[in-house]
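Whatever order the structure lists them in is the order used to number ligands and atoms, beginning at 1. In this chain, residues are counted from 1 in sequence order.
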Amino acid sequence: MSNESAKVYQPSPDFVKNAAVSGMEGYKALCAEAEQDYEGYWGKRAKELLSWQTPFTKILDESNAPTYGWFVDGKLNASYNCLDRQVERGLGDKVALIFEADDGQVTKVTYKELLARVSKIANALKELGVQKGDRVIIYMPMTIDGIASMQACARIGATHSIVFGGFSAQSLRDRISDAGAKVLITSDGQFRGGKSLPLKAIADEAFAMGGCEACTSVLVFKRTGVDVAMTAGRDVWADDIVNKQSDQCDPVWVEAEHPLFLLYTSGSTGKPKGVQHSTGGYLLHAMLTMLYTFDLKKEDIFWCTADIGWVTGHTYITYGPLACGGTEVVFEGIPTFPNAGRFWDMIQKHKVSIFYTAPTAIRSLVKAADTDPSVHPKKYDLSSLRLLGSVGEPINPTAWEWYYENVGGGRCPIVDTFWQTETGGHMITPMPGATPLVPGSCTLPFPGIQAAVVDETGNEVPWGQGGILVVKKPWPSMIRAVWGDADRFKKSYFPEDLGGKLYLAGDGAIRDANNGYFTITGRIDDVLNVSGHRMGTMEIESALVAHPMVAEAAVVGRPDDLTGEAIVAFVVLKGSRPTGDDAKKVIKELSDFVGKEIGPIAKPKDIRFGDNLPKTRSGKIMRRLLRSLAKGEEVTQDTSTLENPQILEQLKG
Ligand code: WTA
């Protein structure tokens with residue numbers, strides 16, 4: 001395959017001139033530098049960009065491979081690097097956060113103010129007994145206090161683990177329990193799209209399920225003012241314990257490898273795994289990608305629309321922009337409230353210059369602009385924009401071109417950034433002032449990242465041939481561990497089939513036959529990507545079979561114009577196969593049940609019933625057949641090993 005015929009978009013000479021990575025010569029020089037002295041390349045940048053309390057003398061420690069250590073004898077603090085040093089550099093009165101609430105109210109927070117708020121929360125956590133190394137679960141909306149809570153944990157060396165505010169009580173319980181968290185930080189509720197939704201009440205449900213006994217305190221911020229139950233001796237209002245604290249809190253210096261955070265994400269087997277990140281290496285890549293990929297300058301207004309519940313919100317809201325002393329927009333709400341012009345209105349109002357969002361949001365806003373011209377981006381003054389970004393799933397060329405023309409006015413490069421929870425920051429992405437862009441391709445590896453496409457045995461395949469995406473060398477912001485499961489770490493990410501030394505991303509990829517550009521072809525495991533959210537098919541199957549009516553379930557993905565992929569569930573009930581209105585009732589019941597077990601994002605779009613699932617004579621479910629059925633394709637595969645071909649008819653949908 002070659003994208004020779006595809007239209008190529010060159011960066012403007014002006015952009016090239018002022019960019020951190022200027023022209024392809026600039027990009028190639030960085031790659032060559034890393035090629036010649038890999039450790040030196042990262043070490044030099046770690047020295048220049050991070051402030052160390054104890055400088056490191058060793059760069060890469062491979063003694064415990066594939067668990068790699070970076071800058072191991074250095075000590076630093078992430079919150080100090082994000083806040084104190086900006087104040088020390090004279091940026092105390094610079095706006096760090098421009099917070100826009102769901103209802104449109106705007107609050108600006110300077111670096112000095114954010115440091116004071118973070119310090120107070122950190123002192124409150126100390127009063128609750130939190131010490132270096134303790135885990136704190138954060139179940140908070142997208143608010144200033146959400147970000148400040150993360151920074152507060154980092155300040156005292158506690159390891160935070162955010163649970164997305166859309167996840168259910170069961171998911172929250174599992175994470176509190178798996179992480180062995182000492183404290184939960186939450187709020188009474190959250191605002192989304194004009195609605196007031198509960199959080200604390202869900203947390204109470206999670207505690208009632210049992211298994212959270214190690215979590216002895218719940219710190220509750222007030223957001224919506226909804227009535228909540230407070231358990232004496234466990235729950236405490238932030239207004240009572242945070243506000244009275246001193247606004248000074250010495251940062252706790254930690255080893256570079258100290259776990260800054262865990263973030264649970266879906267894999268192909270079992271429950272979501274706690275991806276563990278380091279402090280030094282992670283923060284370095286957060287900063288370096290802000291500078292190289294986003295070309296962040298001191299006058300930029302940066303806006304990443306992700307939620308702090310996902311890794312994008314960690315690296316490109318809480319850590320990267322602040323560690324670089326930037327000004328960023330933080331948004332509590334959703335892109336379609338009060339109407340689908342919200343993003344464009346906010347870009348205009350806050351003069352956003354760098355805008356980073358997900359293809360699923362773009363696709364839904366294209367649709368909205370088509371039906372209602374008043375929310376078309378062309379109706380807004382978006383002239384402040386100079387750079388656009390995309391993340392979370394492949395961006396189809398049509399959406400890319402719409403984004404480029406209508407949002408970027410045909411003048412802003414788009415950085416299509418491929419990365420993962422496990423990689424900590426961008427892995428394959430254009431450099432906006434260097435890389436000629438081809439819609440649909442994430443182009444070339446970030447300078448220093450050694451990405452490749454290999455076959456099932458780990459050998460590199462020629463350009464133009466599809467294969468498995470891997471990374472050949474360790475990099476500073478890579479995953480360090482799966483919390484509490486060393487075996488799963490090795491098996492998932494450094495499988496023996498590939499030789500045990502290559503990092504397996506879990507995606508397929510193909511490199512263009514002419515220029516080597518990467519195109520991601522989708523997950524090669526049983527992980528679905530719905531609206532940019534990762535979900536394991538096994539997780540959804542387990543949720544379905546937990547329902548008393550369900551005997552068996554198989555879940556597959558099918559392409560969807562709006563959400564990228566959609567969840568299709570094939571279900572065998574313990575009773576007879578329902579039809580007509582009965583079927584409708586059961587579908588709603590099961591869908592709500594999955595919503596309660598995992599969260600609304602995991603609800604299947606399509607649920608079909610059969611007397612059985614298509615199985616081989618040895619009892620293995622034939623998923624490839626289910627994928628064809630889900631897509632509405634004629635089954636053309638060989639069905640000779642199928643035990644029960646007659647049930648295909650029932651499952652056609
Ligand atoms: C997918 C999100 C194509 C991919 C940062 C990956 C992408 C998974 C892109 C990670 C992109 C992310 N092009 N696919 N630009 N970015 N993906 O952990 O399948 O939530 O493995 O991290 O999203 O999702 P995660």
Student: So which heavy atom in the protein is nearest atom 9 (C) of ligand 1, and how far is it from that ligand atom?
Tutor: E393 N, 3.5 Å

Student: How about H314 and Y319: are their ring centroids closer than 6.0 Å?
Tutor: no

Student: Got more than 12 heavy atoms from elsewhere within 6.0 Å of NZ, K473?
Tutor: yes

Student: Do H426 and F446 have ring centres separated by under 6.0 Å?
Tutor: no

Student: Is K271 salt-bridged to D178, going by a charged N under 4.0 Å from an acidic O?
Tutor: no

Student: Is the F355 to F302 ring centre distance short of 6.0 Å?
Tutor: no

Student: Kindly identify the option in A358, S266, G508, P394 whose heavy atom sits closest to atom 3 (C) of ligand 1.
Tutor: P394

Student: Does ligand 1 come near enough to S390 that some N or O of the ligand is less than 3.5 Å from an N or O of the residue?
Tutor: no

Student: Is NZ or CZ of R175 both nearer than 6.0 Å to the six-membered ring centre of F167 and within 45° of the ring axis?
Tutor: yes

Student: Can an N or O of T265 be found at a distance shorter than 3.5 Å from an N or O of ligand 1?
Tutor: no

Student: Measuring from non-hydrogen atoms of G392 to any atom of ligand 1, is the shortest distance under 4.0 Å?
Tutor: yes

Student: Just to confirm my output: which protein heavy-atom neighbour is closest to atom 5 (C) of ligand 1, and how far is it?
Tutor: W419 CE2, 3.5 Å

Student: Is the contact between N529 and ligand 1 made by the side chain, the backbone, both, or neither, using heavy atoms and a 4.0 Å cut-off?
Tutor: side chain

Student: Checking a contact table here: which protein heavy atom is nearest atom 18 (O) of ligand 1, and how many Å away?
Tutor: T421 OG1, 2.5 Å

Student: Between W310 and F164, is the gap from one ring center to the other below 6.0 Å?
Tutor: yes

Student: Looking only at distances, can you tell me whether any N or O atom of R534, backbone or side chain, sits closer than 3.5 Å to an N or O atom of ligand 1?
Tutor: yes

Student: Please work out whether any backbone atom (N, CA, C, O) or any side-chain heavy atom from C-beta onward of H533 is under 4.0 Å from ligand 1, and answer side chain, backbone, both or neither.
Tutor: neither

Student: With the threshold set at under 4.0 angstrom, would you say F418 reaches ligand 1 through any of its heavy atoms?
Tutor: yes

Student: Check ligand 1 against V391 and write out every atom of the ligand that is under 4.0 Å from a heavy-atom position of the residue.
Tutor: 5 (C)

Student: Hey, does the side chain of N529 reach the backbone of G392 with a donor-acceptor pair shorter than 3.5 angstrom?
Tutor: yes

Student: State which residue, out of D560, I567, V530, fulfils the side chain to side chain contact (heavy atoms under 4.5 Å, CB included) condition with K605.
Tutor: D560

Student: Using a 3.5 Å cut-off on N or O atoms only, is D507 in polar contact with ligand 1?
Tutor: yes

Student: At a 4.0 Å threshold, what atoms of ligand 1 neighbour a non-hydrogen atom of T312?
Tutor: 5 (C)

